[in-house]
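Some notes on the structure that comes next.
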Amino acid sequence: MVSLVGAGPGDPELITMRGLARVRACEVLVYDRLVAQQIVEEAPIGSLRIAREGLTQSDINALLVAHGRRGRFVVRLKGGDPFVFGRGGEEALALVRAGVPFEVVPGVSSIAAVPESAGIPVTHRGISQAVTAFAANDVEALDAAALARVPGTLVAFMGGAVVARLAERLIAEGKAASTPAAVVSRGTTEDEQVIVAPLGSIGAAAADAPTPALVVIGEVVAVRAALALAVQTAA
């Protein structure tokens, strides 16, 4: 049996109760680099722990199939949610083809949790009624024209290292350079950093931002300042 488990966006306390229960019951744990070490340490003493780093996706698929076929309880622990830019679908298909039973344990996705941690609601009545999420690591392959036109909020996964070029391409396709933007690095963790600037200058402002980082583009980013002011006033 293989359990594809979402570990949440970074803070170890944001894993679900079901996800944590699976980790605590596993015989084999295959985990991603960005998963909090506190969660990894919840695996039973004597369990086999395999780090994802240095392995190809084909290697991971083979590991899951091999241990699953031996009747071991395998947990594949991923950051965020397994099916949101986590290649969980690929691994599930590999298990189906091999005849290995599996389950999916959803996790708290970074798509909303990371902006929320930074004080940015990805939807807000009267401002944004839609959210478009995309992987930005291959920034030149993006349909920038379509992204520049889509209404609502843009959320770019793996966008921190390419935010300058992403902004450049969106502006070239008609997105206003004045559009509020934010880069949230290491979101929901103690090391979280938030950089806010207009789209036209976010690349320079976030040039040294650590990764992993999520990029949020849209008028909702401006809500962060209003929320911060409300907190200060209440204090």
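Only heavy atoms go into these numbers, but all of them, side chains included; no hydrogens, no water, no symmetry mates.
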Pairing donors with acceptors under 3.5 angstrom, does anything connect the side chains of S58 and N61?
no

Less than 3.5 Å apart, any donor N or O on the side chain of Q57 or E91 sitting next to an acceptor on the other?
yes

With a 4.5 Å limit on heavy-atom distance, are the side chains of V114 and T188 in contact?
yes

Heavy atoms only: give me the nearest A113-P9 pair and the separation to one decimal.
CB-CG, 3.8 Å

Could you tell me which non-hydrogen atom of H67 sits nearest to which non-hydrogen atom of V28, and how far apart they are?
ND1-CG2, 3.9 Å

Nearest-0.5 Å distance that lies between atom CG in L214 and atom CE in M158:
9.5 Å

Between I217 and the options V163, V183, L170, the side-chain contact (heavy atoms from CB on, under 4.5 Å) test singles out L170

Heavy-atom count check: over 12 atoms from other residues, nucleotides or ligands less than 6.0 Å from Q129 CD?
no

On a heavy-atom basis, which atom in S3 and which in R22 lie closest, and how many Å separate them?
OG-CG, 3.8 Å

Does one hydrophobic cluster hold both V220 and V131, with members joined at side-chain heavy-atom distances below 4.5 Å?
yes

Taking C-beta and beyond as the side chain, do R87 and I60 meet within less than 4.5 Å on heavy atoms?
no

Can you tell me how far the CD atom of Q38 sits from the CD1 atom of I15, to the nearest 0.5 Å?
11.5 Å

Taking side chain as C-beta onward, heavy atoms only, is V122 less than 4.5 Å from E116?
no

Are S47 and F73 side-chain neighbours, meaning at least one heavy-atom pair lies under 4.5 Å?
no

Above 12 or not: heavy atoms from other molecules or residues under 6.0 Å from CD of E192?
yes

Please determine whether the number of non-hydrogen atoms from other residues, nucleotides or ligands lying under 6.0 Å from atom CD of E53 exceeds 12.
no

Would you say the side chain of V150 lies within less than 4.5 Å of the side chain of F134, judging by non-hydrogen atoms?
no

Grouping I, L, V, M, F, W and Y whenever their side-chain heavy atoms are under 4.5 Å apart, do V96 and M1 come out in a common cluster?
no

Is there a continuous path of hydrophobic side-chain contacts, each under 4.5 Å between heavy atoms, that joins F85 to V108?
no

Straight-line distance of I111 CD1 to D81 CG, nearest 0.5 Å:
10.0 Å

Approximate separation, where rounding is to 0.5 Å, of E173 CD and I171 CD1
11.5 Å

Can you establish whether the number of heavy atoms outside R165 located under 6.0 Å from its atom CZ is more than 12?
yes

Give a yes or no on whether V35 and L29 share a hydrophobic cluster (residues Ile, Leu, Val, Met, Phe, Trp, Tyr; joining criterion: side-chain heavy atoms under 4.5 Å apart).
yes

Shortest non-hydrogen contact from L199 toward I202
O-CG2, 3.3 Å

Mind checking the CG-CG spacing from L142 to N137? Nearest 0.5 Å is all I need.
8.5 Å

Verify side chain to side chain contact (heavy atoms under 4.5 Å, CB included) between L95 and V65, making sure each step is shown before the conclusion.
CA-CA 6 Å; L95 293 167; V65 168; 4.1 Å; yes

Validation row: F157, V84 side chains within 4.5 angstrom (heavy atoms):
yes

Can you tell me if CD on Q37 sees more than 12 non-hydrogen neighbours from other groups inside 6.0 Å?
yes

Looking at side-chain heavy atoms only, is the closest gap between R52 and R76 below 4.5 Å?
yes

Please find the pair of heavy atoms, one from E219 and one from P180, that lie closest to each other, and give the distance.
OE2-CD, 3.4 Å

Between D11 and E13, is there a donor-acceptor pair closer than 3.5 Å when you use the side chain of the first and the backbone of the second?
yes

Heavy-atom pair with the smallest gap, counting every atom of G107 and P82
N-CD, 4.0 Å

Would a hydrophobic clustering, with Ile, Leu, Val, Met, Phe, Trp and Tyr connected at side-chain separations under 4.5 Å, put L55 with V2?
yes

From T153 OG1 over to H124 NE2, what is the distance, rounded to the nearest 0.5 angstrom?
11.0 Å

Against C26, only a single residue in V5, V75, V74 fulfils side-chain contact (heavy atoms from CB on, under 4.5 Å); can you say which?
V75

Is any side-chain heavy atom of V184 less than 4.5 Å from a side-chain heavy atom of S117?
no

